[in-house]
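Here's the structure we're looking at; comments come further down.
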Amino acid sequence: MQGITKNDLIIRIGGEGGEGVISVGDFITQACAHAGLDVYTFKTFPAEIKGGYAMYQVRASTERLYNQGDTFDVLCAFNGEAYNMNRASLKPGTAVVYDSPGDFDPEIPPGVFAYPIPMSHTAKEMNNPRAKNMVAMGAMSILFNIPVESLREVIATKFARRGEAVVQGNLAAFERGRELASALKKIDPWTLGTPKGKQDVIVMSGNNAIGLGALIAGLDFFSAYPITPATEVAIYVAKHLPKRGGTLIQAEDEIASISQVLGASYAGKKAMTSTSGPGLALMSEMLGMAFMAELPCVVVDVQRGGPSTGLPTKHEQSDLFLAIHGGHGDAGRIVLSVESIHDCINLTVVAFNLAEKYQCPVLLLSDGSLAFSTQNVPYPNPDDYHVVERKRWDGEGEYRRYALTEDGISPMVDPGTPGGIHIATGLEHNEIGLPNYTSANHEAMQDKRFRKLKGVINDVDPVEVDAAEGAGTADLGLIAWGSTIGVVREALQRLRAEGYKVKGFYPKLLNPLPVEQFEAFGASCKRLLLPEVNFQGQLAHFVRAETSLRPESYTICGGMPFTPEMIVNKVREILA
Ligand code: COA
């Protein structure tokens with residue numbers, strides 16, 4: 001069986017929720033990564049536990065990957081619905097592996113390479129109907145050269161908890177799938193490139209990576225209420241935090257979880273919660289209290305399609321307004337956003353460091369795409385991270401919890417410290433924490449609390465400018481945030497290869513906005529474009545409000561992320 005080696009291959013698996021689509025995607029991803037390939041995945045599944053369309057896309061390459069790619073080279077359709085959902089993307093040159101005989105009889109478009117595989121039939125014949133997905137995976141491993149030894153290892157490892165019979169049954173179905181595909185003539189050109197060699201990497205989702213980052217930062221206390229797509233952060237933390245002596249609570253709702261987090265923070269602990277848009281909305285009152293009482297806390301918001309219950313399992317970047325300004329009164333907070341799985345680890349540590357140093361809430365924005373996407377990242381060494389602890393009282397003189405210091409940061413004490421008794425309250429208060437509503441005091445205290453935030457910009461890396469060496473003024477500059485950055489990175493590479501003079505600007509600190517860095521970037525571009533996955537152009541709004549720049553908005557909100565091709569086409573259109 002031969003094919004043209006493609007160093008950047010995208011395989012999309014589609015089927016019904018409950019048929020094991022997600023498992024196949026995970027297994028292929030793990031096998032490719034452990035064999036030494038770079039991987040980036042994307043998945044979308046129905047809000048129902050069983051039924052509905054589930055999709056998993058694996059991109060694997062011998063080169064560095066930044067996003068899930070454009071469309072697929074190979075489609076594996078478990079049923080008619082999956083085939084029909086992707087029918088429009090079956091362009092000449094793509095390959096399709098499908099269940100036959102199955103619940104559908106596809107009319108294959110001209111130029112598409114088709115491989116009928118009796119997935120359901122074979123699994124039933126083997127008295128193991130659940131293993132339909134393993135038959136499909138076996139067939140794909142032969143057709144597209146997916147590292148077979150790694151796949152066998154992953155099957156054995158992943159099903160081990162279900163017992164030896166399940167492992168053996170699935171391995172047998174996998175081998176049967178390979179036999180079935182071996183009997184077919186390879187007619188498409190796609191074959192995965194050969195990996196450089198086994199790598200010491202972990203394959204993590206964005207949600208797990210945030211959990212890992214929190215542990216590296218010294219997390220002591222976690223409380224959250226489950227909500228898609230954020231729940232896996234809590235699941236990851238639940239597995240690891242108690243072993244380190246920390247505490248995790250599944251609270252009765254989001255108001256309770258943020259309240260518990262503030263209580264733990266008052267008690268001297270590093271504390272966090274994770275949620276999605278509707279949960280963040282419920283937390284807004286307590287975020288005001290965290291700012292007022294100067295309690296460090298990290299709130300992770302894994303954004304999903306909204307408003308309201310919205311599109312719970314779909315991708316959107318639409319909580320920026322809420323993150324920055326959601327709350328009553330003048331309530332400040334720090335807002336960071338992550339680009340990649342690697343960032344999910346690193347910026348979570350930064351979020352804790354900022355929360356502890358500036359004694360205020362730090363909101364870390366992730367999104368539905370990153371939450372479930374997996375990527376290989378080098379195994380992180382906790383010793384490589386700089387971890388900040390809060391400023392504590394040295395016990396000298398009279399303790400003033402809210403002392404009006406030059407930088408606005410005043411010392412904290414853990415409860416029980418002799419001489420350190422104080423009140424942490426949502427009421428306006430004086431330097432020792434007693435309620436005080438005089439206008440002079442309120443103005444001095446607001447000034448103190450916001451004065452602190454002026455230092456934040458010096459504690460985060462400068463915004464990355466993505467420009468070719470020696471690039472002068474660009475014809476177009478792209479500003480991107482969150483997971484859209486990875487898409488823009490690849491689009492810029494393609495555009496430069498076509499001769500376009502384009503640059504990228506990738507802020508991770510969104511509040512306070514690094515205004516001077518924005519201005520400098522704007523000055524180096526003739527025009528600016530700001531693609532983001534929300535209806536209103538939320539970051540573009542803030543950029544227009546806080547800087548002299550007037551970026552053009554490019555917004556989508558169909559529940560899916562941008563693809564590099566969409567950005568490339570938009571730029572070509574603008575610069576035509
Ligand atoms: N043999 C034995 N077990 C198998 C198997 C096989 N060959 N293939 C898959 N399975 C198991 C998986 O291990 C998994 O078990 P687990 O849940 O105990 O881990 C289960 O079957 C489901 O398979 P999986 O591949 O993980 O998912 P799927 O592609 O069948 O899709 C989901 C199911 C994930 C879409 C669905 O269950 C779900 O969770 N939907 C989302 C619900 C949600 O979040 N709603 C939002 C509410 S606001």
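Since we're looking at a predicted model, the values are computed, not measured. Counting convention: from 1, in listed order, for ligands and their atoms alike. The analysis underlying the following values was restricted to heavy atoms, covering all of them including side chains, and did not include hydrogens, waters or symmetry mates.
- Using a 4.0 Å cut-off to heavy atoms of G18, the atoms of ligand 1 that qualify are 28 (P), 30 (O), 31 (O), 33 (C).
- For E285, the CD atom counts as loosely surrounded, since its 6.0 Å shell holds 12 or fewer non-hydrogen atoms of other residues, nucleotides or ligands.
- Of the protein's non-hydrogen atoms, S23 OG, 3.7 Å is the one closest to atom 26 (O) of ligand 1.
- Nearest protein heavy-atom neighbour of atom 46 (C) of ligand 1: T228 OG1, 3.3 Å.
- Checked by atom type, the side-chain pair N145/T191 shows no donor-acceptor distance below 3.5 Å.
- Y56 does not count as a contact of ligand 1, since none of its heavy atoms falls under 4.0 Å from the ligand.
- The shortest N or O to N or O distance between F159 and ligand 1 is not below 3.5 Å.
- Looking only at heavy atoms of the protein, atom 8 (N) of ligand 1 is closest to N133 ND2, 2.9 Å.
- Side-chain polar atoms of Q375 and S340 form no donor-acceptor pair below 3.5 angstrom.
- With respect to R59 and E490, a salt bridge is recorded, a charged nitrogen being found less than 4.0 Å from a carboxylate O.
- Aromatic ring pairs are classed by plane angle as parallel below 30°, tilted from 30° to 60° and perpendicular above 60°; the pair F159 and F27 is perpendicular.
- Judged by distance alone, with hydrogens and angles left aside, the side-chain atoms of Q538 form a donor-acceptor pair with the main-chain N or O of F321 at under 3.5 Å.
- Scanning the protein for heavy atoms near atom 35 (C) of ligand 1, the closest one is F45 CB, 3.5 Å.
- Of all protein heavy atoms, the one closest to atom 1 (N) of ligand 1 is N170 ND2, 3.4 Å.
- At least one protein heavy atom sits closer than 4.0 Å to atom 3 (N) of ligand 1.
- Scanning both residues, G537 and S553, for their nearest heavy atoms gives CA-OG, 3.9 Å.
- When each atom of ligand 1 is checked for a heavy atom of P312 under 4.0 Å away, the hits are 48 (S).
- At least one heavy atom of R161 sits closer than 4.0 Å to an atom of ligand 1.
- Taking every heavy atom of A131 and a limit of under 4.0 angstrom, the matching atoms of ligand 1 come to 7 (N).
- In terms of protein heavy-atom proximity, atom 43 (C) of ligand 1 is closest to A47 O, 3.6 Å.
- A salt bridge is defined here as a Lys NZ or Arg NE, NH1 or NH2 lying under 4.0 Å from an Asp or Glu carboxylate O, and E125 with R176 fails to meet this definition.
- The single protein non-hydrogen atom nearest to atom 32 (C) of ligand 1 is I49 O, 4.1 Å, given as residue, atom name and distance.
- Note: F144 and Y115 have perpendicular aromatic rings, judged against thresholds of 30 and 60 degrees for the angle between ring planes.
- Polar contact with ligand 1: present for R130 (N/O pair, distance under 3.5 Å).
- Side-chain N/O atoms of T228 and R304 include no donor and acceptor closer than 3.5 Å.
- Remark: minimum distance from atom 16 (P) of ligand 1 to any protein heavy atom is reached at R162 NH2, 3.4 Å.
- Atom numbering of ligand 1 starts at 1 in the shown order; those under 4.0 Å from a heavy atom of V21 are 25 (O), 28 (P), 29 (O).
- Remark: the Q536 side chain and the N534 side chain contain no N/O donor-acceptor pair separated by less than 3.5 Å.
- Using a 4.0 Å cut-off to heavy atoms of E19, the atoms of ligand 1 that qualify are 30 (O).
- Counting only N and O atoms by type, the side chains of Y53 and N86 include a donor and acceptor under 3.5 Å apart.
- The shortest N or O to N or O distance between G17 and ligand 1 is not under 3.5 Å.
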